[in-house]
Structures are given as C-alpha cells and as structure tokens.
Number of protein chains: 2
Amino acid sequence: MESEELRNVGLKVTTPRLKILSFLESAKEKHMTAETIYRKLVDSGEVIGLATVYRALTQFEAAGLITRHHFEGGQTFFELERGPHHDHIVCIRCGRVEEFYDKMIEERQREIAEKLGFTLSDHAMTLYGECSGGCPAAKP
Amino acid sequence: MESEELRNVGLKVTTPRLKILSFLESAKEKHMTAETIYRKLVDSGEVIGLATVYRALTQFEAAGLITRHHFEGGQTFFELERGPHHDHIVCIRCGRVEEFYDKMIEERQREIAEKLGFTLSDHAMTLYGECSGGCPAAKP
DNA sequence: CTTGCACATGAGAATCGTTATCATATATAT
DNA sequence: ATATATATGATAACGATTCTCATGTGCAAG
C-alpha cells in the first residue's frame with residue numbers, strides 16, 4: 001500500500017502525496033518531469049497545485065522513494081526507485097529512455113574514485129545515441 | 001592563435017568572442033558557469049554583456065570548442081575542449097572537480113549501447129563523492 | 001582605403017523551471 | 001472530538017537563460 005510507503009519514510013499520509021505516488025506507480029512512462037506529472041494529474045481531473053508536486057517530489061527524493069536525473073537540455077526527470085540500481089541510455093532523436101546495469105562499470109567507478117582519493121557516494125551515467133529500428137522519429 | 005580557432009570553425013573573429021576564448025584558455029579553473037565567466041571578465045575591466053557570453057558559449061559548443069556539463073544542482077558548467085575525452089568526479093562538499101579517463105569503461109559503454117540497439121554518439125558520466133584529505137570544506 | 005551590409009553586440013525585457021510566501025485546510029495525537 | 005503542527009494551493013518571487021531591438025562592427029568588394 002502507498003500509505004505504508006509514506007509512513008515508513010516518516011511522511012504524513014496526505015491526499016496529494018498519495019495521488020502523486022500512485023500516479024508514478026501506474027504510469028507507463030517511467031521518467032517524467034515535474035511539469036509533466038502535474039499536467040497529467042490535472043488533465044485526469046485531480047485538483048492539485050504545481051508547488052505541491054515539486055514539494056512532494058523533493059521529499060520523496062530525500063526519502064529515497066524516487067531519483068532525480070539531469071539529462072541533457074537541462075531538464076530534470078524523476079523516476080520511481082524500484083528494483084536495483086541502473087543507468088540510462090536516451091535516444092537523441094525520439095527521447096526514448098532505456099535502462100541498463102553493468103557490474104563491471106560499477107566496480108570500475110569505485111576503483112577510480114578511490115584512486116583519486118574520493119569516497120564515492122553517487123554517480124550519474126547517461127549514454128546518448130540513436131536507437132535504430134523502431135525509433136518513432138522526433139518528439140514534437 | 002585564438003583568431004585562427006574561430007576562423008577554423010567558421011565564426012567571425014570579434015572582440016567579445018576573442019575575450020571569452022582567451023579568458024577560458026588562461027583561467028585556472030577549468031570548469032565554470034556562464035555567470036562566472038561573465039563576472040570575471042567584467043571584474044577585470046572588460047565591457048561585455050551577459051547575453052553575449054551565453055551566445056558565444058552556445059556557438060563555441062556547437063563548433064566543438066567547448067563542452068557543456070550538467071552537474072548536480074542544475075548548474076551548467078562549460079569547459080574548453082582540450083586534449084582527449086575524459087569524465088569527471090566532483091566533491092559534494094567542496095565542489096572540486098577532477099578529471100579521469102578509463103578505457104575499459106569507454107569500451108563497455110559502446111558495447112552496451114550496441115547490445116541495446118543504439119548508435120552511441122555521446123555520454124555523460126559524473127561521479128560524486130567526498131574528497132578526503134585536503135578538502136577545503138564548503139564552497140562559499 | 002572607403003563603403004555596404006550581413007551579422008554581432010549590449011541592455012533590458014521576457015520566459016522558463018523552480019522555490020518561497022501566506023492564508024487556509026487537514027492529518028494525527030490526545 | 002479537538003488541538004496543533006504540518007501540508008496545501010494560488011500566486012509572487014527568483015535565478016538562469018533566451019529573446020528583442022536599436023546600434024555597432026568585421027570583412028569583402030570596389
């Protein structure tokens with residue numbers, strides 16, 4: 001239950017937070033901007049404020065429920081933190097986002113950080129390219 | 001000569017562009033925001049507009065002279081494209097940026113992209129951690 | 001060396017994404 | 001059921017970036 005999730009991370013269970021969380025869990029798109037999340041909620045008849053969406057997303061991130069990605073173009077995308085860690089590859093033509101995980105790279109990153117005298121706490125790795133085959137061309 | 005560089009990439013050689021380019025080449029900091037570049041130029045007595053800095057940086061990037069990085073916090077940093085490709089590790093406490101290159105990771109990325117049906121054209125990889133030892137604490 | 005003209009510039013307005021403010025509403029402990 | 005701390009939504013404020021437009025300038029042709 002989503003209420004449990006919120007309680008578990010120490011957040012009050014409120015209607016807007018539940019709306020956002022269950023929307024994220026049911027959405028087909030796994031990576032969305034705050035604006036998109038807000039718009040889709042409003043379009044589906046919900047009454048919610050943009051500020052509330054931003055606030056909730058920030059809290060969810062702090063609680064580890066979601067992750068924030070800074071893809072190219074300066075846009076910020078949010079994604080439910082489900083399952084194991086992974087990185088992303090995004091199509092520069094159609095914007096499609098695929099996920100992947102590579103143990104070797106993960107290990108190597110840790111070694112590199114250590115060699116440079118850093119204690120690794122996080123990383124962002126995004127590949128960019130063109131997806132061949134069924135790339136539905138450009139996003140409008 | 002910087003004039004050559006501009007001419008080579010098909011840009012008119014203008015005073016502001018020369019100022020920005022030579023400033024980037026002489027600066028100690030290798031990674032700076034547009035605002036920082038503007039401020040340092042103005043502080044050193046130059047007459048230049050912020051809009052011009054943004055315009056020039058965008059053109060330089062399109063021409064391959066510089067690279068744009070989206071580090072955490074939403075801030076955009078620019079860096080002269082000198083020498084071979086490399087990635088970054090930034091200290092989450094003091095903001096220090098170190099560079100590194102790892103052949104194994106580069107190769108692996110290409111393999112991964114291919115396996116997923118993408119033609120890799122670019123990638124962004126930034127590690128975040130705390131630099132031990134002489135980390136001058138927080139940035140002001 | 002002039003001159004013309006396309007292109008570049010600087011100042012400020014406009015825009016975009018995000019955060020702060022504040023009066024009102026609501027979740028939770030009692 | 002009630003008190004109280006916290007959350008909400010509307011809107012203002014904000015910082016970063018881009019746009020507008022009147023003026024200035026690189027550079028190629030004469």
Side-chain angles (χ1 to χ4, degrees), chain A residues 1-23 31-63 65-66 68-78, chain B residues 1-23 31-63 65-66 68-78 139-140:
Chain A
M1 205 52 184
E2 286 105 20
S3 324
E4 283 308 312
E5 278 193 84
L6 290 176
R7 240 185 296 273
N8 288 341
V9 298
L11 288 174
K12 259 190 199 170
V13 179
T14 69
T15 323
R17 295 211 260 244
L18 282 174
K19 283 179 191 167
I20 296 169
L21 194 51
S22 43
F23 171 69
H31 308 83
M32 286 182 286
T33 65
E35 187 71 34
T36 302
I37 295 168
Y38 167 70
R39 193 128 304 282
K40 295 222 176 180
L41 282 172
V42 169
D43 287 356
S44 65
E46 302 293 351
V47 175
I48 196 169
L50 178 57
T52 303
V53 172
Y54 273 104
R55 266 187 302 242
L57 290 174
T58 302
Q59 293 157 340
F60 291 178
E61 187 199 13
L65 294 180
I66 64 176
R68 189 188 295 254
H69 301 292
H70 297 285
F71 293 158
E72 274 188 12
Q75 286 210 269
T76 303
F77 290 79
F78 295 89
Chain B
M1 206 49 186
E2 287 104 20
S3 324
E4 283 308 311
E5 278 193 84
L6 291 176
R7 238 185 297 271
N8 288 341
V9 297
L11 289 173
K12 258 191 201 173
V13 179
T14 70
T15 322
R17 295 212 260 243
L18 282 174
K19 283 179 191 167
I20 295 169
L21 194 50
S22 42
F23 170 68
H31 309 83
M32 287 181 286
T33 64
E35 186 72 34
T36 302
I37 295 167
Y38 166 69
R39 192 129 304 281
K40 296 222 176 181
L41 281 172
V42 169
D43 287 355
S44 66
E46 301 293 351
V47 175
I48 196 169
L50 178 56
T52 304
V53 172
Y54 274 104
R55 265 186 301 240
L57 290 174
T58 302
Q59 292 158 338
F60 290 178
E61 187 200 13
L65 294 179
I66 65 177
R68 190 187 295 253
H69 302 291
H70 298 285
F71 293 157
E72 274 188 12
Q75 287 209 268
T76 304
F77 290 79
F78 294 89
K139 50 185 169 184

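Below, read A as the first sequence line, B as the second, and so on, with proteins coming before strands; counting in each chain starts at 1.
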Let me know the distance between [atom1] of [X] and [atom2] of [N], rounded to the nearest Å.
X	N	atom1	atom2	value
B/Gln75	C/dG17	CD	P	18 Å
A/Leu41	D/dG9	CG	C1'	14 Å
B/Leu11	C/dA8	CG	P	8 Å
A/His70	D/dA16	NE2	P	14 Å
B/Ile37	D/dA16	CD1	P	14 Å
A/Tyr38	C/dC16	OH	C1'	15 Å
A/Arg39	C/dT18	CZ	P	14 Å
A/Leu50	D/dA13	CG	C1'	14 Å

Q. Can B/Phe71 and A/His70 be said to form a side chain to side chain contact (heavy atoms under 4.5 Å, CB included), step by step?
A. CA-CA 8 Å; B/Phe71 293 157; A/His70 297 285; over 6 Å; no

Any idea which of [options] is nearest the [X] side chain?
X	options	result
B/Ala51	C/dG12, D/dC27, D/dA5	C/dG12
B/Pro16	C/dG10, D/dT17, D/dT8	C/dG10
B/Thr58	C/dT18, D/dT18, D/dT17	D/dT18
B/Lys12	D/dC27, D/dA16, D/dA7	D/dC27

Q | Closest non-hydrogen atom pair between A/Gln75 and A/Thr33, with its separation | A | NE2-CG2, 3.7 Å

Q. For the residue pair B/Phe60 and B/Leu6, what are the closest heavy atoms and their distance?
A. CE2-CD2, 3.7 Å

Under 4.0 Å between a side-chain N/O of [X] and OP1 or OP2 of [N], yes or no?
X	N	result
B/Tyr54	D/dT17	yes
A/Thr76	C/dT18	yes
B/Thr52	C/dG10	yes
B/Thr15	D/dG26	yes

**Q.** From A/Arg68 atom CZ to A/Glu61 atom CD, the distance as rounded to the nearest 0.5 Å
**A.**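 The CD atom of A/Glu61 is 4.0 Å from CZ of A/Arg68, to the nearest 0.5 Å.
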
Q | Along DNA chain D (nearest heavy atom to each residue), the more 5'-positioned of B/Val13 and A/Thr14 | A | A/Thr14

Q) Got a donor-acceptor pair under 3.5 Å from the side chain of A/Arg55 to the base of D/dG9? A)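 Per atom types, the contact qualifies.
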
Q. Checking only heavy atoms, does the side chain of B/Arg17 share a donor-acceptor pair with the base of D/dG26 at less than 3.5 Å?
A.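 Checked by distance alone, the answer is no.
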
